[in-house]
Asks: 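The structure under discussion is supplied below as structure tokens; questions concerning it will follow.
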Amino acid sequence: MKLIYFSWIRERLDIAEEEAELPETVKTLGDLLAWQKSRGEEFEAVFAHEKVVRVALNQEHVDDLAASLEGVTEAAFFPPMTGG
Amino acid sequence: MKLIYFSWIRERLDIAEEEAELPETVKTLGDLLAWQKSRGEEFEAVFAHEKVVRVALNQEHVDDLAASLEGVTEAAFFPPMTGG
Amino acid sequence: MSRITPDIRIQSADFDVAAEIAKLTDGRSDTGAVVTFTGLCRDEGGTLSALELEHYPGMAEAEIRRIAEEAVQRWPLTGLAAIHRHGRIAPGENIVLVVASSAHRQAAFEAANFLMDFLKTRAPFWKKEHLASGEEGQWVDAKEADDDAAERWKQR
Amino acid sequence: MSRITPDIRIQSADFDVAAEIAKLTDGRSDTGAVVTFTGLCRDEGGTLSALELEHYPGMAEAEIRRIAEEAVQRWPLTGLAAIHRHGRIAPGENIVLVVASSAHRQAAFEAANFLMDFLKTRAPFWKKEHLASGEEGQWVDAKEADDDAAERWKQR
């Protein structure tokens, strides 16, 4: 799955984009966020901000932790938007 | 006093503007409207539309019939505005 | 912030929206939002050949200025302009323009909306229809909806 | 009335408000009202030298299109356009433009206002400040007021 990061999350992790091999047990958005937290200190710190980190799956906002990752090829992680 | 008419009121009376010598007894807006009604059939018909005929005294909207005419040099009569 | 002076014009000539925006924003960097409202002549499904806008020359500018000054008191604006045309106006042509600028977007939106509501109900302009059929057209009736729209600003 | 297709663009180049209005209105005479909203970069009292707008290229246009389609369903519009810039933007420069046109003024005002509220809270753009002092700037924080502004459209 392609994982993309924006704004201060991109800066903190120092990753703009990566191709990740997810464990087979990662089936929902909740699983994906838990897996991210397990990837080391910086990931744990960033993804501890549960109310701040927003997610888009296949370029659509998703906030239901039970949402399935089936068919998802791209997940993006970012803080609240400040456009306009 | 200069009297000015707009829109269908101007057309009905066939007067755009006139200089009128008001009787000394005409002291308020109410008096002025009553005097207008007394000026013949067309005036009576036009000024019978009491809720429709709007008045500006010295170029300001006035709807208080007790408003004094003292210092008023220009009165305008028109239907509800349809600008914008 | 010192109060701005609204730019009010009554004219038969057309106006240029981009030029009016530029007048309010050029050379300053405290403006975050500009809202424009342009009112155009519709052909009412092809029945109308033009609108004739009659106005009360002395009062029109004074009344729009009074409404604009109220908007300036009410919202923290960095600029405010209103242009109202008179005379014969064909379908598709511009009739009226309001431009409101502010540091913040809601002030600009609300001031422009407020100004338009009061222009509709208080500015001394009257529209007569010229019909495509060539028959004598009617004076446009004032809409109750416009009075209601103006009324809502009192309830705040 | 057949539904219009919103014109959505994400670009680094500036835009021309007058040209965008003309695109929505030229050659038609069923439009009575055009509302534009222009968002500009402020210098925050001289402390800011520029804003850097980061965006999510694939999603930005799709998300603004979803919001615009909702506006088209909700109001009887004759045209709708939204342009959002990205990259480095200096104080006084344009950031975003929304243009909404309709037969009637409230539909145009409300659709433009609605689109801006949701652009602020749902379009994937993030602003970073470049400071006039030369120091490292901050990412702009999302405002709760913007969430509240977006929320109010649900209560209708």
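A, B, ... follow the sequence lines: proteins, then strands. Residue 1 opens every chain.
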Asks: With only heavy atoms counted, which part of Glu11(B) is less than 4.5 Å from chain C, the side chain, the backbone, both or neither?
Replies: side chain

Asks: Say you draw a straight line from CZ of Arg10(B) to CD of Glu54(C); how long is it, rounded to the nearest 0.5 Å?
Replies: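 The distance works out to 4.0 Å.
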
Asks: More than 12 non-hydrogen atoms from neighbouring residues, nucleotides or ligands closer than 6.0 Å to CG on Asp14(B), yes or no?
Replies: no

Asks: Looking only at heavy atoms, which two atoms of Thr121(C) and Met81(B) are closest? And how far apart?
Replies: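 In terms of heavy atoms, the two residues are closest at O-CE, 2.8 Å.
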
Asks: A side-chain contact here means heavy atoms from C-beta on lying under 4.5 Å apart; do Met59(C) and His61(B) qualify?
Replies: yes

Asks: If you count heavy-atom pairs within less than 4.5 Å of chain B, which of Lys143(C), Gln138(C), His84(C), Arg85(C) leads?
Replies: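 Top count of heavy-atom pairs under 4.5 Å with chain B: His84(C).
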
Asks: Mark yes when over 12 heavy atoms from residues, nucleotides or ligands other than Asp26(C) sit less than 6.0 Å from its CG; otherwise mark no.
Replies: yes

Asks: Heavy-atom distances under 4.5 Å only: say whether Asp117(C) touches chain B with side chain, backbone, both or neither.
Replies: neither

Asks: Would you say Arg66(C) and Glu60(B) make side-chain contact, with heavy atoms under 4.5 Å?
Replies: yes

Asks: Given the options Lys128(C), His86(C), Met116(C), which has more heavy-atom pairs under 4.5 Å with chain B than any of the others?
Replies: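 When all of Lys128(C), His86(C), Met116(C) are compared, Lys128(C) has the most.
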
Asks: Is it true that, when you exclude Glu19(B) itself, more than 12 heavy atoms of the residues, nucleotides or ligands shown sit nearer than 6.0 Å to its CD?
Replies: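 Yes.
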
Asks: Check the orientation of Phe6(B) and Tyr56(C). Use parallel for under 30°, tilted for 30 to 60°, and perpendicular for over 60°.
Replies: tilted

Asks: Compare every heavy atom of Thr82(B) with every heavy atom of Val140(C), then report the nearest pair and how far apart it is.
Replies: O-CG2, 3.3 Å

